[in-house]
Amino acid sequence: MNNKPKKKRSAVSWLMELAKPRKWEYLLSVLAALAGVACGLVPYLIMIELIGALVGGTADEAWCLNRCLIMGLWWVLRYVLHATSTTMSHHATFHVLADIRMKLMHKLATMPLGAVLDKSSGSYKNIIVERVDSIETTLAHIVPEMTSNIVGAIAVMVLLFRVDWRMGLAMLIVVPLGVLCFLSMFNGYEAKFQRTINSTKILNDTAVEYINGIEVIKAFGQSKTSYAKFVSAAKEGADCFIEWMRSCLFGQSAGMAIFPSTLIGILPIGCLLFMHGTLTAETFISVIVLSFGVMQPLITAYSYTDDLAQLGTIIGEVADILDREDLHRPETARVLPKDNSIELKGIHFSYHEKEVLHGVNLRIEPGTVNALVGPSGSGKSTIARLIASLWDVDDGSITLGGVDIRTLPLKKCTDRIAYVSQDNYLFDLSVMDNIRMGRKGATDEEIITAAKNCGCHDFIMSLENGYQTICGSSGGHLSGGERQRISIARAMLKDAPVIILDEATSYTDPENEAVIQSALAQLIRGKTLLVIAHRLSTVADADCIFVVKDGNIAAQGIHSELLESCPLYEEMWNAHMSVKDNDGEVA
């Protein structure tokens, strides 16, 4: 097996790949920009001709007006081509940015859940929205505009050297000093830029944490402490930008003052040569005019170097996501599952470096009700997520109907398995549309039937707008129990042969939980059901109960067998019944 680390791709390589679908638009944009440069050179040639005629006394008023009009037309054509170039580059760029965002979202859907959870939601939002948007300047402006400005400046410089090479050298006297001033701004650039990125990420994460936890903050009177954390992050974000700007202030100011000052060399040397009779007045004036067309385009091109310097980091963040490993699944299946049985053999799994499952073995027969129970942190949810193909195992195998799930396309697995967790997400859509996500294309009648079968119809109809009630961001307009019941209805609409309920009724009150359990008993007939529950009374009638302890299967069997043979299960059952009795007394 080849364990050689994967070679990291450069930012330029990634950028070329991401922009490839629009390469012809970029090429046409550059060609239009270069054509605009050519049009911008013609007025300089006419100027030289006009200066010669004026100095030589051969120009008349009509001829001069004619030459000025022609110069104006060339300048208009230049700006028309410039506008055409930037329009094409922007059209291409906004499509590229949309493609990048879609690639990132698709990548998150195909990555293992653990890899996705390595970053906070604030970091993903920052990369997908702000960081990707910052590429716009590089792609839309640098490609045509930086190219045209550099080429234009070089073309004018070549023309100036052709007019008089001595004056060309005189013009360049200030260039080395100006360049040194600008280069001084890049001292420690990478470290300073990385600090701004890190502080921005911390600010995003802190803001998201503060907003998401606002209910707890208010309930426990911690607004001052929590807000102080946000203020600190905001101040750090501002300070790093201010310090960076302050360190660049002298270089920027000095460079902008010195670099365009071409007359510092041209005027004294030109006057000296003119007085010695080796430079004509016509050539001297032409050189002065041409010198104004060299440095300004270069300064404009230089203004984009900051974006170029940042490009590696920005593309690197995008590439860090796009280059991650997907769940290893083939495009097509060689063999399909023969039934809905599930078997785990020698399963080992780690979160980063910490192994949490240590050789788990269990078998779930088709059409049976099964339960995973055990202390918090024992590995129950991890087992469920592995079966649902949210992660890949480190070692061992999981088979569905006798077929290793890693040999099945991801869609084949997800079509067969409906997974409902205790924190199922609801989108900021209507209740109807949230349930419909269980089966795309389901009719309103089918959705209502699924809700009725799950015992959810009455509570949905009691909402302000019934099935058209908007759930809010993350389902925030509904209670935890209501969100879970809608999630169960969504899973039931999917009608998958395997159903996994991971604490799916943990937020539901006992009365509604009894309704849901009764409804589920009708719906799961003939299906394979795996339930994770802390309320042991809800799974006491399961066909098989697996007791999970410290990442291993400590025991398995039916309720009565485990009470006699498994001390851990007996202890958990007694604790559960004690809580139920106490709740009854309080009631």
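A distance of 6.5 Å separates OG1 in T469 from CD in E464, rounded to the nearest 0.5 Å. With rounding to the nearest 0.5 angstrom, the CE atom of M461 is 13.5 Å from the SG atom of C456. Between the CG atom of N552 and the CD1 atom of I347 there is a distance of 12.5 Å, given to the nearest 0.5 Å. Taking CG of L501 as the reference point, atom CG of L372 lies at 11.5 Å (rounded to 0.5 Å). Note that the CD1 atom of I405 and the SG atom of C413 stand 5.5 Å from one another [nearest 0.5 Å]. In this structure, CD1 on I100 lies 9.5 Å from OG1 on T93, to the nearest 0.5 angstrom.
Distance alone, capped at 3.5 Å, places no donor-acceptor pair between the R363 side chain and the I342 backbone. Checking side-chain atoms of R490 against main-chain N and O of G438 turns up no donor-acceptor pair under 3.5 Å. A donor-acceptor pair is defined here as one N or O able to donate and one able to accept, closer than 3.5 Å; no such pair exists between the side chain of D133 and the backbone of V129. With D339 contributing its side chain and S341 its backbone, the two residues share a donor-acceptor pair below 3.5 Å. In terms of modelled atom types and a separation under 3.5 Å, the side chain of K380 and the main chain of V548 share no donor-acceptor contact. In this structure a side-chain-to-backbone donor-acceptor pair under 3.5 Å is missing from D323 to A319. With D543 contributing its side chain and V369 its backbone, the two residues share a donor-acceptor pair below 3.5 Å.
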Between I545 and Q556, is a side-chain contact (heavy atoms from CB on, under 4.5 Å) present by the stated rule, with each step listed? CA-CA 5 Å; I545 301 172; Q556 67 181 71; over 6 Å; no
Are R406 and V393 close enough, and set up right, to give a side-chain contact (heavy atoms from CB on, under 4.5 Å), and what steps lead you there? CA-CA 9 Å; R406 289 172 296 188; V393 299; 3.5 Å; yes
Under the criterion side-chain contact (heavy atoms from CB on, under 4.5 Å), I'd like the reasoning laid out for I321 against M111: C-alpha separation, chi angles, the key distance, then a yes or no. CA-CA 9 Å; I321 296 175; M111 284 166 53; 4.3 Å; yes
Where do V373 and L562 land on the side-chain contact (heavy atoms from CB on, under 4.5 Å) test, with the steps shown first? CA-CA 11 Å; V373 301; L562 292 174; 5.9 Å; no
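Counting all heavy atoms, side chain and backbone alike, V132 lies closest to L97 at O-CD2, 3.4 Å. Contact between D415 and A496 at its shortest, heavy atoms only, is O-CB, 3.7 Å. When all heavy atoms of I435 and L493 are compared, the pair lying nearest together is O-CD2, 3.2 Å. Between T407 and P330, the shortest heavy-atom distance links the atoms O-CG, 3.2 Å. Between V335 and V403, the shortest heavy-atom distance links the atoms O-CG1, 3.6 Å. Closest of all the heavy-atom pairs between C471 and N434 is SG-ND2, 3.4 Å.
The pair K527-D495 counts as a salt bridge, with a side-chain nitrogen and a carboxylate oxygen less than 4.0 angstrom apart. Between E236 and R195 there is a salt bridge, with a side-chain nitrogen of the basic residue lying less than 4.0 Å from a carboxylate oxygen of the acidic one. Note on D444 versus R436: salt bridge recorded, some NZ/NE/NH1/NH2 to OD/OE distance being below 4.0 Å. With salt bridges taken as basic N to acidic carboxylate O contacts below 4.0 Å, one links E446 and R439. Between R324 and D320 there is a salt bridge, since at least one side-chain N of the basic residue sits less than 4.0 Å from a carboxylate O of the acidic one.
Atom NZ of K107 sits in a crowded spot, with more than 12 heavy atoms from other residues, nucleotides or ligands closer than 6.0 Å. Annotation for D428: atom CG counts as buried by contact number, over 12 foreign heavy atoms lying within 6.0 Å. More than 12 heavy atoms of other residues, nucleotides or ligands lie within 6.0 Å of NZ in K494, so this atom counts as buried by the packing criterion. Shown here is H358, whose NE2 atom has more than 12 heavy atoms of other residues, nucleotides or ligands within 6.0 Å.
Ring planes of W391 and Y351: perpendicular class, angle over 60° (limits at 30 and 60°).
By the 4.5 Å heavy-atom criterion applied to side chains, K103 and M105 are not counted as neighbours. Within the 4.5 Å cutoff, the side chain of V431 has no heavy atoms near those of the Q468 side chain. Side-chain contact check for E136 versus F94: some heavy-atom pair is nearer than 4.5 Å. Contact of the L568 side chain with the P375 side chain is registered, since non-hydrogen atoms from C-beta on lie closer than 4.5 Å. Counting heavy atoms from C-beta outward, L529 and T368 have side chains that stay 4.5 Å or more apart. Contact check for L426 versus S487: side-chain heavy atoms found under the 4.5 Å cut-off. Side-chain atoms of Y419 and L390, non-hydrogen and from C-beta on, do get closer than 4.5 Å to each other. Contact of the I553 side chain with the N361 side chain is not registered, since no non-hydrogen atoms from C-beta on lie closer than 4.5 Å.
Exactly one residue among L344, I532, N370, V360 makes a side-chain contact (heavy atoms from CB on, under 4.5 Å) with F546. That residue is N370.
Aromatic pair H559/Y569: ring centres closer than 6.0 Å.
For S389 and R329, the side-chain atoms include at least one donor-acceptor pair closer than 3.5 Å. D404 and S397 are not linked by any side-chain donor-acceptor pair at a separation below 3.5 angstrom, with hydrogens and angles left out of the test.
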